[in-house]
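Everything numeric here is computed off the predicted structure, so don't read it as measured data.
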Amino acid sequence: MAYLAQPEQQQKLEWLDGGEFAVLLDSAATAGQLTVGRFSVRKGEAPPYHLHTREDEVFMLVKGTALVWCDDEERELAEGGIVFLPRNVPHGYRITSDTADLLMICTPGGIEGMFRHAGRDKSTPRPEGYEISQDVMAEAADRYGQIILGPPR
């Protein structure tokens with residue numbers, strides 16, 4: 001079950017607000033055990049307030065700063081900080097530094113399907129004016145067990 005992928009072999013997707021989500025390990029590579037991804041984003045990037053019904057999530061702020069909401073409690077997350085979010089716990093975040101890198105680990109795997117469904121594979125030409133629509137985001141979230149509870153915080 002060992003798996004190795006060099007950076008150029010990792011799928012890179014355009015994500016919210018023009019940021020990037022790199023699929024480092026997907027459920028196919030880990031026999032469904034986990035998904036590992038990396039976000040490279042800019043100030044203000046914030047997903048809708050949501051919860052996961054299928055997986056637990058860990059994310060580490062490798063670079064940058066953010067505000068994190070968990071069950072409506074707001075906390076600051078400094079560079080190097082880590083968060084564990086069990087399934088069914090409402091959460092969200094907003095990047096407060098100019099740029100940020102976040103490492104995401106979800107178990108079991110499968111959430112990468114949501115990013116692939118709603119995001120744009122960066123190995124393909126970018127359509128003029130491309131952005132992720134709210135409809136596509138909602139469809140992807142529903143298909144992969146995410147419940148959107150409200151707008152970004």
Fill in the blank from the handout: What one should report as the nearest heavy-atom pair of Ala118 and Ala140 is CB-CB, 3.8 Å
Completion exercise
Scanning both residues in full, the closest heavy-atom pair of Val36 with Leu34 reads CG2-CD1, 3.1 Å
Fill in the blank from the handout: Sorted by chain and number, sequence neighbours left out, side chain to side chain contact (heavy atoms under 4.5 Å, CB included) with Pro152 holds for Ala46, Arg94
Problem - 4.5 Å side-chain heavy-atom contact, Asp71 and Val89 - result: yes
Exercise for the section: Might you work through the side-chain contact (heavy atoms from CB on, under 4.5 Å) test for Gln10 and Arg38, ending with a clear yes or no? Expected result: CA-CA 10 Å; Gln10 298 162 3; Arg38 184 171 184 165; over 6 Å; no
Problem - ring pair (Phe, Tyr, Trp, His ring centres under 6.0 Å) pairs, two or more places apart, involving residues 96-126 - result: Trp15-Phe115, Phe21-Phe115, Phe39-Phe115
Handout entry: Thr107 and Gln33: side chain donor to acceptor below 3.5 Å
Key = no
Problem - Nearest heavy atoms of Pro108 and Glu55, plus distance in Å - result: O-CB, 3.6 Å
Exercise for the section: Just grab all the salt bridge (charged side-chain N to carboxylate O under 4.0 Å, His left out) pairs involving residues 9-23, residues at least two apart or on different chains. Expected result: Glu14-Arg120, Glu14-Arg126, Glu20-Lys122
Practice task
Output all residues satisfying side chain to side chain contact (heavy atoms under 4.5 Å, CB included) with Leu149, sequence neighbours left out; order by chain, then residue number.
Solution key: Tyr49, Leu51, Pro90, Ile147
Problem - Side-chain H-bond candidate by donor/acceptor type, Ser123 with Asp121, under 3.5 Å - result: yes
Problem - Distance, nearest 0.5 Å, that separates CG of Leu24 from CD1 of Ile105 - result: 9.5 Å
Handout entry: Sequence-distant partners of Asp142, side chain to side chain donor-acceptor pair (under 3.5 Å), two or more places apart
Key = none
Exercise for the section: Report, as yes or no, whether the 6.0 Å neighbourhood of atom CD on Glu76 holds more than 12 heavy atoms from other residues, nucleotides or ligands. Expected result: no
Exercise for the section: Verify the cluster assignment for Tyr93 and Met114: are they in a single hydrophobic cluster under the rule of side-chain heavy atoms below 4.5 Å apart? Expected result: yes
Exercise for the section: Mark yes when over 12 heavy atoms from residues, nucleotides or ligands other than Glu74 sit less than 6.0 Å from its CD; otherwise mark no. Expected result: yes
Problem - Heavy-atom check, side chain of Leu16 versus side chain of Ile132, under 4.5 Å - result: yes
Problem - Tyr144 versus Glu112, side-chain donor and acceptor atoms under 3.5 Å - result: no
Problem - Residue pair Ile148 / Ala138: nearest heavy atoms and the distance that separates them - result: CD1-CA, 4.2 Å
Exercise for the section: For residues Met104 and Thr35, determine if any side-chain heavy atom of one lies less than 4.5 Å from a side-chain heavy atom of the other. Expected result: yes
Problem - Salt-bridge criterion met for Arg75 and Glu73 (N-O under 4.0 Å) - result: yes
Expected list for residues 59-67: side-chain donor-acceptor pairs under 3.5 angstrom, two or more places apart:
{"unit_1": "Lys63", "atom_1": "NZ", "unit_2": "Thr99", "atom_2": "OG1", "d": "3.3"}
{"unit_1": "Thr65", "atom_1": "OG1", "unit_2": "Thr96", "atom_2": "OG1", "d": "2.8"}
{"unit_1": "Thr65", "atom_1": "OG1", "unit_2": "Ser97", "atom_2": "N", "d": "3.3"}

Practice task
Answer with yes or no whether the hydrophobic clustering places Phe84 together with Leu102; edges join I, L, V, M, F, W, Y residues whose side-chain heavy atoms lie under 4.5 Å apart.
Solution key: no
Handout entry: Ser40 versus Asp101, side-chain donor and acceptor atoms under 3.5 Å
Key = yes
Problem - Test: Arg42 and Asp98 ion pair at under 4.0 Å - result: no
Practice task
Classify the side-chain pair Gln146/His50 by whether it contains a donor and acceptor separated by less than 3.5 Å.
Solution key: no
Problem - Within 6.0 Å of CD in Glu8, more than 12 heavy atoms from elsewhere - result: yes
Practice task
Would you sort out whether Arg54 and Asn88 count as a side-chain contact (heavy atoms from CB on, under 4.5 Å), showing the intermediate values?
Solution key: CA-CA 8 Å; Arg54 299 179 186 169; Asn88 298 313; over 6 Å; no
Handout entry: Exercise: identify the closest heavy-atom pair between Ser27 and Gly110
Key = CB-N, 3.7 Å
Fill in the blank from the handout: Residues Ser133 and Val136: closest non-hydrogen pair is OG-N, 3.0 Å
Practice task
Given side-chain contact (heavy atoms from CB on, under 4.5 Å), test Leu13 with Arg116 step by step and report yes or no.
Solution key: CA-CA 7 Å; Leu13 303 167; Arg116 288 174 170 152; 4.0 Å; yes
Exercise for the section: Test Leu85 against Val58 for side-chain contact (heavy atoms from CB on, under 4.5 Å), laying out the working first. Expected result: CA-CA 6 Å; Leu85 299 160; Val58 172; over 6 Å; no
